[in-house]
Amino acid sequence: MKNKRWIIMLLGLSAIACHTNKRLANHLPAHIYIQQEGRENKAWKLIWSEDFNGTKLDTTKWSRIPAGTADWNRHMSQDDRCFRMEHGKLYLLGINNPDTTYDKRPFLTGGIWSKGKFAFQYGRVEIKAKLGSAQGAWPAMWMLAELDKYGKYPRNGEIDIMEHLNFDNIIYQTTHSYYTLDLGEKKNPPHHGTASVDAGVFNVYGISWYPDKIVFQLNGKDTFTYPRMKGVDPSQWPYDQPFYLLIDQQLGGSWVGKVQKEQLPVEMVVDWVKVYQ
């Protein structure tokens, strides 16, 4: 009996050591979730979620997106007026800047990302949200690479789960990469699709991400698939590394057009986020 207990203990320690060594061998921090090989053939299991049930943003999971120089983040702000949490929902707002004496930008927008706090490689993402509409409104849910495996943007790729423009009754679901942007390979294979939507009600936006394809979804139904191709430039598939999540209410830019300030504020309401592997 004593020998049996020792054998069980040794087997347990061996399993722990194997798991630990695998983590150390990959040199990955604890906030990065790598789907085990072959797991894509089994039922999804919830690995991470956010219900926004508190009164403040959970900073162990999210950070407010800082301002930048690109169209999408030009108006990003840390201002509390761009964020609100109530009744189990997160509100991300695009507003007219109430005071341009310090911050000269005409508009301020709110967005969150899980950069440095949660990232994953392969799995299923679902985000339940309601989108506001206004001229120049550009709400988005998307993903960028956590570890910078291939170099500067766009070499690590971008996965746009959902983008909505102005008062459109469609959403855009897209992949961007060096292959699509710099090499201009946007049809081999097609790198984006659209789906009809009633943006003003709650919908579930998502993807199922596999080692050989990304399947875009709306309310649980497949809408567009981007496959991994053989015999093309390897930059076609940078999607073999961990990505983090971004959810933001953007305003203005060359794609969405000028902002109609009289139609602000505009808001995106996020009910929950779930990630499965």
Side-chain angles (χ1 to χ4, degrees), residues 29 31 48-119 125 127-148 152-153 156 158-165 205 243-256 258-273 275:
H31 74 275
W48 188 90
S49 64
E50 171 64 273
D51 294 320
F52 301 110
N53 283 328
T55 57
K56 294 182 179 179
L57 191 69
D58 185 347
T59 55
T60 67
K61 294 180 177 180
W62 307 100
S63 302
R64 296 182 182 187
I65 298 175
T69 57
D71 275 358
W72 75 270
N73 61 8
R74 192 179 310 278
H75 301 295
M76 285 293 147
S77 174
Q78 306 294 303
D79 195 307
D80 288 340
R81 287 168 288 200
C82 296
F83 304 85
R84 189 170 77 251
M85 284 181 63
E86 59 185 30
H87 309 304
K89 295 177 178 60
L90 170 69
Y91 294 74
L92 299 173
L93 284 82
I95 65 173
N96 291 304
N97 187 351
D99 183 2
T100 57
T101 56
Y102 171 71
D103 187 335
K104 303 293 185 184
R105 296 177 298 172
F107 313 111
L108 302 177
T109 59
I112 59 173
W113 62 17
S114 66
K115 184 178 183 179
K117 298 179 178 181
F118 170 71
V125 185
I127 303 172
K128 184 178 180 181
K130 179 170 64 173
L131 312 178
S133 293
Q135 174 57 47
W138 178 17
M141 306 166 188
W142 50 306
M143 299 164 60
L144 289 172
E146 175 80 5
L147 299 177
D148 197 23
K152 293 183 178 180
Y153 184 88
N156 287 299
E158 172 183 331
I159 304 170
D160 294 331
I161 300 169
M162 182 288 303
E163 294 177 282
H164 181 255
L165 305 181
Y205 304 93
F243 276 61
Y244 62 89
L245 295 166
L246 303 92
I247 307 174
D248 45 46
Q249 173 60 67
Q250 306 170 66
L251 283 176
S254 57
W255 187 29
V256 66
K258 286 189 67 173
V259 181
Q260 193 72 34
K261 64 180 183 179
E262 293 80 8
Q263 296 177 9
L264 301 182
V266 64
E267 62 188 20
M268 170 166 51
V269 186
V270 187
D271 192 356
W272 48 254
V273 182
V275 180

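Just so it is clear, the structure is predicted and the values come from calculations on it, not from any experiment.
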Using every non-hydrogen atom in the two residues, find where Gln249 and Leu93 come nearest and quote the distance to one decimal. CG-C, 3.9 Å
Distance, nearest 0.5 Å, that separates CD1 of Ile65 from CD1 of Ile112: 7.5 Å
By side-chain hydrogen bond (donor to acceptor under 3.5 Å, both in side chains) - contacts of Glu158 (at least two apart): Tyr153
Who passes side-chain contact (heavy atoms from CB on, under 4.5 Å) against Pro66, sequence neighbours left out? Gln78, Trp113
Value for CE (Met141) from CG (Asp160), rounded to nearest 0.5 Å, stands at 12.0 Å
Set of ring pair (Phe, Tyr, Trp, His ring centres under 6.0 Å) partners for Phe83, sequence neighbours left out: none
Between Asp71 and Gly253 the two heavy atoms that sit nearest each other are OD2-CA, 3.4 Å
Side-chain heavy-atom pair Val269, Tyr91 within 4.5 angstrom cut-off: yes
Lys56 and Asp80 ion-paired at < 4.0 Å: no
With Asp58 via side-chain contact (heavy atoms from CB on, under 4.5 Å) - residues at least two apart: Glu50, Thr60, Lys61
Please step through side chain to side chain contact (heavy atoms under 4.5 Å, CB included) for the pair Met85 and Thr55, ending with a clear verdict. CA-CA 6 Å; Met85 284 181 63; Thr55 57; 5.9 Å; no
Over all heavy atoms of both residues, which pair between Leu245 and Met143 is shortest? Give the atoms and the distance, please. CD2-CG, 3.7 Å
Report the residues that fulfil salt bridge (Lys or Arg N to Asp or Glu O under 4.0 Å) with Lys115, sequence neighbours left out, ordered by chain and then residue number. none
For Thr109, is there any backbone N or O sitting under 3.5 Å from a side-chain donor or acceptor partner on His75? no
By side-chain hydrogen bond (donor to acceptor under 3.5 Å, both in side chains) - contacts of Gln263 (at least two apart): none
Leu131 side chain reached by Met162 side chain, heavy atoms, under 4.5 Å: yes
Of all heavy-atom pairs between Val270 and Ile247, which one has the smallest distance, and what is that distance? CG2-CG2, 3.9 Å
Test side chain to side chain contact (heavy atoms under 4.5 Å, CB included) on Leu57 and Phe52; report intermediate values, then the result. CA-CA 7 Å; Leu57 191 69; Phe52 301 110; 4.3 Å; yes
So Ile95 and Cys82, do their side chains get closer than 4.5 Å, heavy atoms only? yes
So which of Trp255, Trp142, Trp138 actually passes ring pair (Phe, Tyr, Trp, His ring centres under 6.0 Å) with Trp72? Trp142
Rounded to the nearest 0.5 Å, what separates atom CD in Glu267 from atom NZ in Lys130? 7.5 Å
Test item: Glu146 side-chain N/O and Gly116 main-chain N/O as donor-acceptor pair under 3.5 Å: yes
Between the NE2 atom in His31 and the CH2 atom in Trp48, the distance rounded to the nearest 0.5 Å is 11.5 Å
Tell me if a side-chain donor or acceptor on Lys117 pairs with a main-chain N or O of Trp62 at a distance below 3.5 Å. yes
Test salt bridge (Lys or Arg N to Asp or Glu O under 4.0 Å) applied to Asp79 - qualifying residues, sequence neighbours left out: Arg81
Taking all non-hydrogen atoms of both residues into account, name the closest pair between Gly132 and His164 and its distance. O-ND1, 4.4 Å
Spacing of CG belonging to Asn96 relative to CG belonging to Leu108, to within rounding of 0.5 Å: 9.0 Å
Tightest non-hydrogen contact, residues Leu251 and Gly94, listed as CD1-CA, 3.8 Å
List the residues meeting side-chain hydrogen bond (donor to acceptor under 3.5 Å, both in side chains) with Thr69, not counting sequence neighbours, and say none if there are none. none
Identify, with sequence neighbours excluded, every residue that meets side-chain hydrogen bond (donor to acceptor under 3.5 Å, both in side chains) alongside Ser133. none
Tell me every residue that passes salt bridge (Lys or Arg N to Asp or Glu O under 4.0 Å) with Asp103, counting only those two or more places apart in sequence or in another chain. Arg105
Is there a side-chain contact between Leu144 and Tyr244 (heavy atoms, below 4.5 Å)? yes
Could I get the full list of salt bridge (Lys or Arg N to Asp or Glu O under 4.0 Å) partners for Asp148, not counting sequence neighbours? none
Restricting to pairs with a member in residues 86-101, which pass salt bridge (Lys or Arg N to Asp or Glu O under 4.0 Å), not counting sequence neighbours? Arg84-Glu86
Rounded to the nearest 0.5 Å, what's the gap from CD on Gln135 to CG on Leu264? Could you check? 10.5 Å
